[in-house]
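Just below is one structure, and these are the notes that go with it.
All heavy atoms count here, side chains included; hydrogens, waters and symmetry mates do not. In listed order, ligands and their atoms are each counted from 1.
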Amino acid sequence: MYDNSSYHKPRILIIYTGGTIGMIEDPSTRTLRPFDFSHLIDNVPKIKKLDYEISHIQFNPPIDSSNMNPAHWQQIAEAIGKHYDKFDGFVVLHGTDTMAYTASALSFMLEHLHKPVIITGSQLPIGEVRTDGEENLITALQIAAQTDPVNGEPMVQEVAILFENYLWRGNRSTKMSADNFNAFKSNNYPSLAKIGLSIQFNPDALWRVHDPQPLKVHTGLCTDIIIIYVTPCLTEASLRQQLDTPGVKAVVLKTYGAGNAPADQWFSAAIRDAVDRGIVILNVTQCVNGAVLPKRYYTGDLLSRAGTISGHDITTEAALTKLMFLFGSGLTPRQVIRCLHHPICGEMTI
Ligand code: ASP
């Protein structure tokens with residue numbers, strides 16, 4: 001057991017960006033719109049029962065996460081960087097629509113993170129009787145405050161998404177349901193914790209920082225990345241048009257199954273031409289579960305021989321934001337390709 005004589009109340013910073021959790025109905029349009037933090041917190045009186053020092057900052061105005069863009073990720077990352085030493089953990093309140101993108105982006109932007117960054121939101125606004133927001137917020141705060149009873153270190157040392165019954169690694173998560181309270185899932189990685197009567201952490205799944213170093217916040221993000229979705233009606237003209245997008249530096253190529261695409265000569269030729277122009281093409285499966293296995297089928301092997309890189313079991317959200325981060329750090333295509341072969345912060349399994 002570690003010596004806890006220097007105990008202080010957990011200090012948590014809530015960063016409220018918006019999302020359904022804090023929304024109210026606009027009487028004129030009957031649509032949900034983000035509202036300010038005081039409305040949100042007034043609906044969770046039991047928060048006072050947590051013996052924590054809680055501070056907050058909010059986006060001004062708070063936004064529906066469909067409006068999220070890289071400038072907002074920079075704002076969140078910078079806020080965490082600015083307040084990093086003053087708090088034990090961070091809770092980011094966020095809409096569900098782009099939560100997995102934000103979680104993935106932050107995981108790359110916050111190098112050497114050694115404290116919990118727990119992102120949560122809700123499917124029903126906090127003011128509604130059956131809301132899931134109250135429970136999600138309280139649980140997120142408890143996880144952000146949790147230390148390891150053995151060594152006093154933060155229990156979570158990474159960016160994670162807390163939603164209903166599970167805590168997921170942020171850069172492994174995907175929004176799975178627009179309806180279910182369990183809206184998120186990490187299809188290729190176990191949950192970091194199960195939330196039931198108690199919070200059961202999964203020590204084998206948690207990211208561990210063995211040699212803590214000062215947090216380094218990276219805010220450079222490149223937006224010259226596109227996603228191309230392979231379908232049976234994709235034509236040569238359409239594929240080439242997308243690959244010829246002015247300024248494009250990298251493509252997330254969403255392929256079938258274990259990383260397969262049509263074996264037509266025009267397909268491989270278009271990919272090869274783009275690779276020869278220095279465009280990095282990352283092969284990511286359209287399946288929600290499983291990985292790219294480039295040598296399994298002739299149709300996948302053709303793609304890797306045309307110069308694509310296997311994304312293994314990475315999510316689309318993590319693939320896109322990893323490329324944004326790597327090119328945003330000023331790396332050359334060759335350096336980016338080298339980095340794509342390895343996980344940076346647990347985003348894929350080789
Ligand atoms: N449109 C909302 C948002 O992403 C949905 C939600 O929060 O669940 O902000």
Side-chain angles (χ1 to χ4, degrees), residues 14-44 47 56-77 79-80 90-107 109 117-141 143-144 159-168 170-187 195 227 288 315-318 320-321 324:
I14 298 177
I15 302 172
Y16 172 52
T17 69
T20 297
I21 190 164
M23 288 189 186
I24 56 167
E25 194 177 283
D26 180 331
S28 58
T29 60
R30 310 289 310 265
T31 55
L32 289 173
R33 305 188 70 132
F35 206 61
D36 72 6
F37 187 76
S38 57
H39 154 78
L40 190 150
I41 216 69
D42 286 351
N43 275 283
V44 197
I47 214 168
H56 78 274
I57 49 182
Q58 77 160 63
F59 272 20
N60 204 0
I63 60 169
D64 185 306
S65 80
S66 305
N67 293 319
M68 223 11 106
N69 62 43
H72 297 112
W73 299 340
Q74 287 158 353
Q75 241 178 289
I76 302 169
I80 292 170
F90 301 84
V91 170
V92 181
L93 298 178
H94 195 290
T96 58
D97 289 346
T98 59
M99 189 181 284
Y101 289 94
T102 299
S104 299
L106 289 178
S107 74
M109 295 167 83
V117 174
I118 311 298
I119 310 182
T120 195
S122 68
Q123 294 280 48
L124 286 176
I126 203 124
E128 290 200 13
V129 181
R130 289 182 57 250
T131 186
D132 51 330
E134 184 179 28
E135 197 178 303
N136 284 346
L137 172 55
I138 297 276
T139 310
L141 287 165
I143 291 173
V159 179
I161 288 182
L162 176 277
F163 228 85
E164 192 71 2
N165 297 117
Y166 296 95
L167 182 73
W168 305 108
N171 58 30
R172 292 287 195 145
S173 308
T174 297
K175 182 172 178 181
M176 299 295 292
S177 173
D179 190 48
N180 203 306
F181 282 151
N182 270 308
F184 286 84
K185 198 164 177 205
S186 144
N187 291 291
I195 322 301
I227 297 181
V288 291
T315 62
T316 304
E317 295 89 336
L320 181 75
T321 53
M324 293 174 74

Hey, can you tell me if Trp168 and Tyr166 have their rings parallel, tilted or perpendicular (30° and 60° cut-offs)?
parallel
What I'd like to find out is whether the side chain of Asn171 reaches to under 4.5 Å of the side chain of Val159, using heavy atoms alone.
no
List the residues meeting side-chain contact (heavy atoms from CB on, under 4.5 Å) with Asp26, not counting sequence neighbours, and say none if there are none.
Ser28, Thr29, Thr31, Arg33
Could you tell me, for ligand 1, which of its N or O atoms are under 3.5 Å from any protein N or O, listing the pairs and their distances rounded to 0.1 Å?
| residue | atom | partner | partner atom | Å |
| --- | --- | --- | --- | --- |
| ligand 1 | 1 (N) | Asp64 | OD1 | 3.0 |
| ligand 1 | 1 (N) | Asp64 | OD2 | 3.0 |
| ligand 1 | 1 (N) | Asp97 | OD2 | 2.8 |
| ligand 1 | 4 (O) | Ser65 | OG | 2.5 |
| ligand 1 | 4 (O) | Thr96 | N | 3.3 |
| ligand 1 | 4 (O) | Asp97 | N | 3.0 |
| ligand 1 | 4 (O) | Asp97 | OD2 | 3.4 |
| ligand 1 | 7 (O) | Thr20 | N | 2.9 |
| ligand 1 | 7 (O) | Thr20 | OG1 | 2.9 |
| ligand 1 | 7 (O) | Thr96 | N | 3.0 |
| ligand 1 | 8 (O) | Thr20 | OG1 | 3.1 |
| ligand 1 | 8 (O) | Thr96 | OG1 | 2.5 |
| ligand 1 | 8 (O) | Ser122 | O | 3.4 |
| ligand 1 | 9 (O) | Asp64 | OD1 | 3.2 |
| ligand 1 | 9 (O) | Ser65 | N | 2.7 |

Pairs where residues 119-138 contributes a residue and the test salt bridge (Lys or Arg N to Asp or Glu O under 4.0 Å) is met, not counting sequence neighbours:
Lys46-Glu134
Where does the angle between the aromatic ring planes of Tyr16 and Phe37 fall among parallel (under 30°), tilted (30 to 60°) and perpendicular (over 60°)?
tilted
Quick test of your reading: applying salt bridge (Lys or Arg N to Asp or Glu O under 4.0 Å), list the pairs with at least one residue in residues 173-186, sequence neighbours left out, ordered by first then second residue.
Asp97-Lys175
